[in-house]
**Student:** 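Following this message is one structure expressed as structure tokens.
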There are 2 protein chains.
Amino acid sequence: MIELSKAEFEVMEALWQGHPAKSSEIIERLSDDTQWHDKTIKTLLGRLVKKQAVNFEKQGRLYQYSPTIGREDYTLKQSKNLIQRFFSGRIAPLVSGFAKTEQLSQQDINELKAVIKEWEDQQGK
Amino acid sequence: MIELSKAEFEVMEALWQGHPAKSSEIIERLSDDTQWHDKTIKTLLGRLVKKQAVNFEKQGRLYQYSPTIGREDYTLKQSKNLIQRFFSGRIAPLVSGFAKTEQLSQQDINELKAVIKEWEDQQGK
DNA sequence: TCATTTTGACTACAAATGTAATCTTAAAAT
DNA sequence: ATTTTAAGATTACATTTGTAGTCAAAATGA
């Protein structure tokens with residue numbers, strides 16, 4: 001599985017916002033959230049290409065970069081990995097701990113209910 | 001916040017199992033799960049002391065190590081951090097994604113229901 | 001008592017990571 | 001046409017991490 005460092009993940013975020021994208025666009029997008037030097041971002045892009053999390057096509061002398069992995073896939077895999085390591089693969093302890101100190105919205109509750117309903121329908125079947 | 005590497009976290013796991021503990025005990029516990037050389041574990045223990053995740057008391061020429069941070073605290077903080085970075089701080093997307101590919105137990109479901117109930121009681125109040 | 005083992009302290013070293021700077025070449029500006 | 005700029009390639013360098021090895025002192029065994 002492709003592993004991304006935190007900085008690399010930030011670059012992926014910028015790329016997931018829209019692609020293919022030129023390095024100048026990625027740098028532009030990241031300028032909102034970070035103070036990174038453009039050289040830094042180029043370095044990170046290069047590492048992402050090496051890791052095959054990103055690929056590019058040449059448009060003349062410019063490169064058009066695209067992610068090779070989806071945000072959903074990546075974040076979910078990482079989340080599962082953490083849940084495995086920290087909570088023996090069970091999600092409920094995480095949710096109850098989380099709920100104790102974080103604000104849950106009505107939408108969160110609705111989505112949790114939907115998950116439960118789906119599970120119960122599955123059981124009855 | 002104290003940040004632990006993966007290897008350091010494994011050592012903490014061994015220490016959380018029971019403490020204070022001598023390095024020989026920690027090494028013994030870790031021998032079940034890893035192939036680490038005892039020197040490696042000593043190094044990691046030293047780094048944990050430096051990071052102040054662990055402290056020790058001298059018992060003669062031996063050290064008795066103890067964690068300074070709780071497992072619950074640490075894992076929950078890291079989880080929140082991940083939820084923040086990956087899901088804008090909302091837990092529901094994680095839960096629904098998780099539920100799609102992982103097995104949920106009846107216990108998980110019960111705990112999720114309890115979280116929901118608590119939230120709803122809070123709202124009505 | 002002398003050799004051996006064990007503990008903790010210190011040192012080692014490659015890979016990954018954060019954070020750029022320099023070099024080369026082509027395009028853009030004057 | 002020459003200078004300046006911008007992109008990508010290559011190089012740099014400190015810190016963190018994984019994974020030990022060496023050294024000194026104390027304890028233990030023969």
Side-chain angles (χ1 to χ4, degrees), chain A residues 1-15 19-67 69 74 78 81-82 85, chain B residues 1-15 19-67 69 74 78 81-82 85:
Chain A
M1 184 177 48
I2 293 175
E3 291 283 335
L4 306 176
S5 77
K6 284 184 187 190
E8 287 162 359
F9 180 76
E10 291 305 309
V11 174
M12 291 301 289
E13 288 280 44
L15 194 49
H19 49 86
K22 291 181 295 180
S23 65
S24 59
E25 293 174 307
I26 297 171
I27 290 165
E28 173 56 28
R29 291 174 194 168
L30 283 167
S31 72
D32 299 336
D33 317 290
T34 77
Q35 299 304 116
W36 291 338
H37 202 285
D38 60 344
K39 303 296 185 183
T40 299
I41 298 171
K42 299 280 188 77
T43 296
L44 292 170
L45 262 177
R47 289 180 185 170
L48 288 168
V49 169
K50 191 166 171 200
K51 288 186 177 185
Q52 307 196 61
V54 165
N55 61 207
F56 58 83
E57 296 214 351
K58 299 196 190 196
Q59 292 280 300
R61 81 193 189 91
L62 294 201
Y63 287 6
Q64 293 285 341
Y65 296 92
S66 295
I69 59 180
Y74 178 78
Q78 291 300 313
N81 198 280
L82 176 139
R85 293 199 311 134
Chain B
M1 185 175 51
I2 293 175
E3 291 283 337
L4 307 176
S5 77
K6 283 183 188 192
E8 287 162 358
F9 180 76
E10 291 305 309
V11 174
M12 291 301 288
E13 288 279 45
L15 194 50
H19 50 87
K22 292 182 296 182
S23 65
S24 59
E25 294 175 307
I26 298 169
I27 289 166
E28 172 56 28
R29 290 174 193 167
L30 283 168
S31 71
D32 299 336
D33 317 291
T34 78
Q35 299 304 115
W36 289 338
H37 202 285
D38 60 344
K39 303 296 187 183
T40 300
I41 298 173
K42 299 279 188 75
T43 297
L44 291 169
L45 262 177
R47 289 181 185 170
L48 287 167
V49 169
K50 191 167 170 200
K51 286 186 177 184
Q52 306 197 63
V54 165
N55 60 206
F56 60 82
E57 295 213 353
K58 299 195 189 194
Q59 293 279 298
R61 83 193 186 90
L62 294 202
Y63 288 4
Q64 294 284 342
Y65 295 91
S66 296
I69 59 179
Y74 178 76
Q78 292 300 314
N81 198 279
L82 176 139
R85 291 200 310 134

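Just so it is clear: chains get the letters A, B, ... in the order the sequence lines come, proteins before strands, and each one is counted from 1.
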**Student:** Tell me which nucleotide among D/dA20, C/dG8, D/dT19 gets nearest to the side chain of B/Leu44.
**Tutor:**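 So the side chain of B/Leu44 is nearest to D/dT19.
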**Student:** Rounded to whole angstroms, how far apart are CZ on A/Arg47 and P on C/dT19?
**Tutor:**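 To the nearest whole Å, that distance equals 11 Å.
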**Student:** For B/Ser24, answer base if it contacts any base atom (sugar-phosphate contacts may also be present), sugar-phosphate if it contacts only those atoms, and nothing otherwise; contact means non-hydrogen atoms under 4.0 Å.
**Tutor:**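 Sugar-phosphate, backbone atoms only, no base.
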**Student:** Within the 4.0 Å heavy-atom criterion, would you say B/Lys22 contacts the bases, only the backbone, or no part of the nucleic acid?
**Tutor:**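 The residue B/Lys22 makes no contact with any strand.
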**Student:** A/Tyr63 has a side chain; which of D/dA9, D/dA7, D/dG21 sits nearest to it?
**Tutor:**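 It is D/dA9.
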**Student:** Considering just the side-chain nitrogens and oxygens of A/Trp36, establish if one lies under 4.0 Å of OP1 or OP2 belonging to C/dT19.
**Tutor:**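 Indeed, a polar side-chain atom of A/Trp36 lies that close.
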**Student:** Is it the case that C/dA16 (base atoms only) and A/Ser5 (side chain only) share a donor and an acceptor within less than 3.5 Å, ignoring hydrogens and angles?
**Tutor:**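 When only heavy-atom distances are counted, A/Ser5 does not reach the base of C/dA16 through any donor-acceptor pair under 3.5 Å.
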**Student:** Both A/Arg61 and A/Lys39 contact DNA chain C. Which one's nearest nucleotide lies toward the 5' end?
**Tutor:**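 The residue whose closest nucleotide sits nearer the 5' end is A/Lys39.
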**Student:** Pick out which of A/Ile27, A/Thr43, A/Val11 makes a side chain to side chain contact (heavy atoms under 4.5 Å, CB included) with A/Trp36.
**Tutor:**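 Testing A/Trp36 for a side chain to side chain contact (heavy atoms under 4.5 Å, CB included) against A/Ile27, A/Thr43, A/Val11 leaves exactly one candidate, A/Val11.
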**Student:** If you check every side-chain atom of A/Tyr65, which of D/dG8, D/dT17, C/dT7 has the closest atom?
**Tutor:**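 Nearest listed nucleotide: D/dG8.
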**Student:** Using whole Å, what does the distance between atom P of nucleotide D/dA27 and atom NZ of B/Lys58 come to?
**Tutor:**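 Those two atoms, NZ and P, are 13 Å apart.
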**Student:** Does any part of the side chain of A/Val54, heavy atoms only, come nearer than 4.5 Å to the side chain of A/His19, both counted from C-beta?
**Tutor:**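 Heavy-atom side-chain distance check fails, nothing below 4.5 Å.
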**Student:** Does B/Lys51 put a side-chain nitrogen or oxygen below 4.0 Å from OP1 or OP2 of D/dT17?
**Tutor:**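 For B/Lys51, the contact criterion (side-chain N or O under 4.0 Å from OP1 or OP2 of D/dT17) is met.
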**Student:** Take the protein atom CD of A/Gln35 and the nucleotide atom C1' of C/dA20, then report the distance between them rounded to whole Å.
**Tutor:**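 After rounding, the gap between these two atoms is 15 Å.
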**Student:** D/dT17 C1' sits how many Å from B/Lys6 NZ, rounded?
**Tutor:**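 Going from B/Lys6 (NZ) to D/dT17 (C1'), I get 12 Å.
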**Student:** Over how many whole Å does the gap from A/Leu45 atom CG to C/dG18 atom P extend?
**Tutor:**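 One finds 14 Å between P of C/dG18 and CG of A/Leu45, rounded.
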**Student:** Between P on D/dT19 and CD on B/Glu10, what's the gap in Å once rounded to a whole number?
**Tutor:**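 It is 11 Å, rounded to the nearest whole Å.
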**Student:** Using a cut-off of strictly less than 4.0 Å, decide whether B/Ser23 has a side-chain nitrogen or oxygen near OP1 or OP2 of C/dG8.
**Tutor:**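 Affirmative; the distance criterion is met.
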